[in-house]
Asks: 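Dumping the structure here so I can ask a few things about it.
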Amino acid sequence: MAVAFLILIIPGLALAQGAHSAGEATPDRPRSEAALARYPQPVRAGDLAGRRVIEDTQQQAVLGRAIAAARGADGRTVLLMEHGGILGFGTRRILVPLDALALLGQLIVLKDLAPAQLVTLPEVVMPELLPPDTVLRMGLARN
């Protein structure tokens with residue numbers, strides 16, 4: 001009977017700890033710290049091009065497509081992606097911080113920014129692209 005009681009209690013304790021997982025940014029935890037909790041894996045910059053960027057929901061709505069890894073104005077690594085539009089028309093090129101993204105198979109998941117925040121990011125013309133063989137570290141997402 002005690003074993004059955006523990007089996008019922010333990011899942012409840014996990015839910016009571018909060019809705020945020022170890023790999024999510026919170027007001028108390030910066031995005032860079034949350035990205036480290038996602039077990040960063042090496043990935044070549046050239047391997048990101050063409051991957052779909054999706055929303056971190058069960059529907060996994062496509063938000064855009066990765067073009068290349070780049071160096072932002074502040075020197076941090078960012079992902080140049082096409083966002084918005086319909087059937088490739090009306091898309092905007094924006095830079096998304098790499099630590100706000102995670103890999104899910106051949107997809108890239110937007111983790112620490114809301115999809116609505118992508119609309120507020122400025123459009124860019126052509127940033128300083130990283131060579132395709134540059135090794136980056138990106139966290140892993142869970143289904």
Side-chain angles (χ1 to χ4, degrees), residues 4-143:
F5 179 73
L6 284 176
I7 291 173
L8 293 174
I9 288 289
I10 290 175
L13 289 175
L15 291 174
Q17 290 177 359
H20 297 288
S21 71
E24 290 184 33
T26 64
D28 299 333
R29 182 183 203 173
R31 196 170 49 224
S32 58
E33 217 176 279
L36 288 175
R38 291 188 200 116
Y39 307 104
Q41 302 294 308
V43 61
R44 288 178 346 121
D47 292 340
L48 297 176
R51 292 186 187 205
R52 288 180 291 165
V53 179
I54 61 169
E55 200 175 317
D56 190 20
T57 62
Q58 284 185 330
Q59 291 80 16
Q60 295 183 332
V62 176
L63 301 170
R65 188 165 300 278
I67 299 172
R71 195 68 65 204
D74 59 358
R76 292 176 41 190
T77 304
V78 293
L79 181 73
L80 174 63
M81 69 174 274
E82 289 182 334
H83 173 259
I86 298 174
L87 299 173
F89 296 101
T91 58
R92 299 175 42 235
R93 288 183 173 205
I94 59 173
L95 299 176
V96 180
L98 205 61
D99 57 8
L101 303 166
L103 296 172
L104 179 63
Q106 290 298 309
L107 302 171
I108 299 173
V109 181
L110 182 67
K111 293 296 284 182
D112 294 328
L113 291 175
Q117 289 176 289
L118 295 180
V119 177
T120 65
L121 295 175
E123 189 168 1
V124 296
V125 178
M126 189 51 78
E128 175 190 345
L129 299 181
L130 296 176
D133 59 345
T134 303
V135 177
L136 307 170
R137 297 193 55 80
M138 285 186 71
L140 299 176
R142 292 188 280 164
N143 276 342

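Because the structure is predicted, anything quoted here is derived from the model rather than measured. Note: hydrogens, waters and symmetry copies are ignored here, and every other heavy atom, side chains too, is used.
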Asks: Side chains of V62 and I54, heavy atoms from C-beta outward: is any pair under 4.5 Å?
Replies: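 Yes, side chains in contact.
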
Asks: Going by the side-chain contact (heavy atoms from CB on, under 4.5 Å) test, name the single residue among I108, L48, T134 that passes it with V43.
Replies: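 By the side-chain contact (heavy atoms from CB on, under 4.5 Å) criterion, V43 pairs with just one of I108, L48, T134: L48.
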
Asks: Enter the distance from L101:CG to L113:CG here, rounded to the nearest 0.5 Å.
Replies: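 Interatomic distance, L101 CG to L113 CG, rounded to 0.5 Å: 7.5 Å.
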
Asks: Work out which heavy atom in P122 is nearest to a heavy atom in I94; give both atom names and the distance.
Replies: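 Nearest pair, atom of P122 first, then I94: O-CG2, 3.7 Å.
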
Asks: Give the intermediate values and the outcome of side-chain contact (heavy atoms from CB on, under 4.5 Å) for residues L80 and V124.
Replies: CA-CA 9 Å; L80 174 63; V124 296; 3.6 Å; yes

Asks: Any idea which heavy atoms bring P115 and L63 closest together, and the distance?
Replies: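 For P115 versus L63, the nearest heavy atoms are CB-CD2, 3.9 Å.
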
Asks: Which heavy atom in E123 sits nearest to a heavy atom in T91, and how many Å separate them?
Replies: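 Scanning both residues, the minimum pair turns out to be OE2-O, 4.3 Å.
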
Asks: Any chance you could measure D133, atom CG, to D47, atom CG, to the nearest 0.5 Å?
Replies: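 If I round to the nearest 0.5 Å, the distance is 10.5 Å.
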
Asks: Using a 4.5 Å cut-off on heavy atoms from C-beta on, say whether the side chain of V96 contacts that of H83.
Replies: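 Heavy-atom side-chain distance check fails, nothing below 4.5 Å.
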
Asks: Quick one: closest heavy-atom pair of P97 and V78, and the distance?
Replies: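 Smallest interatomic distance, heavy atoms only, reads CA-CG1, 4.1 Å.
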
Asks: Would you check if the side chain of R92 reaches a backbone N or O of L121 as a donor-acceptor pair within less than 3.5 Å?
Replies: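 Looks like yes, one N/O pair under 3.5 Å.
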
Asks: Would you compute the distance between atom NZ of K111 and atom CE of M138 and round it to the nearest 0.5 angstrom?
Replies: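 Taking NZ in K111 and CE in M138, the distance rounds to 11.5 Å.
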
Asks: What are the two closest heavy atoms between V109 and A141, and how far apart are they?
Replies: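 For V109 and A141, the tightest heavy-atom pair comes out as CG2-CB, 3.9 Å.
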
Asks: Enter the distance from R137:CZ to L98:CG here, rounded to the nearest 0.5 Å.
Replies: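 Going from CZ on R137 over to CG on L98, the span is 11.5 Å.
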
Asks: To the nearest 0.5 Å, what is the distance between CG (L107) and CZ (R51)?
Replies: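 Interatomic distance, L107 CG to R51 CZ, rounded to 0.5 Å: 8.5 Å.
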
Asks: Looking at side-chain heavy atoms only, is the closest gap between L110 and L118 below 4.5 Å?
Replies: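 Of all side-chain heavy-atom pairs linking L118 with L110, at least one is under 4.5 Å.
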
Asks: If I take atom CZ from residue R76 and atom CG from residue L95, how far apart are they, to the nearest 0.5 angstrom?
Replies: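 The distance works out to 11.5 Å.
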
Asks: Shortest non-hydrogen contact from L140 to A102?
Replies: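 Looking at all heavy atoms of both residues, the closest pair is C-CB, 4.0 Å.
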
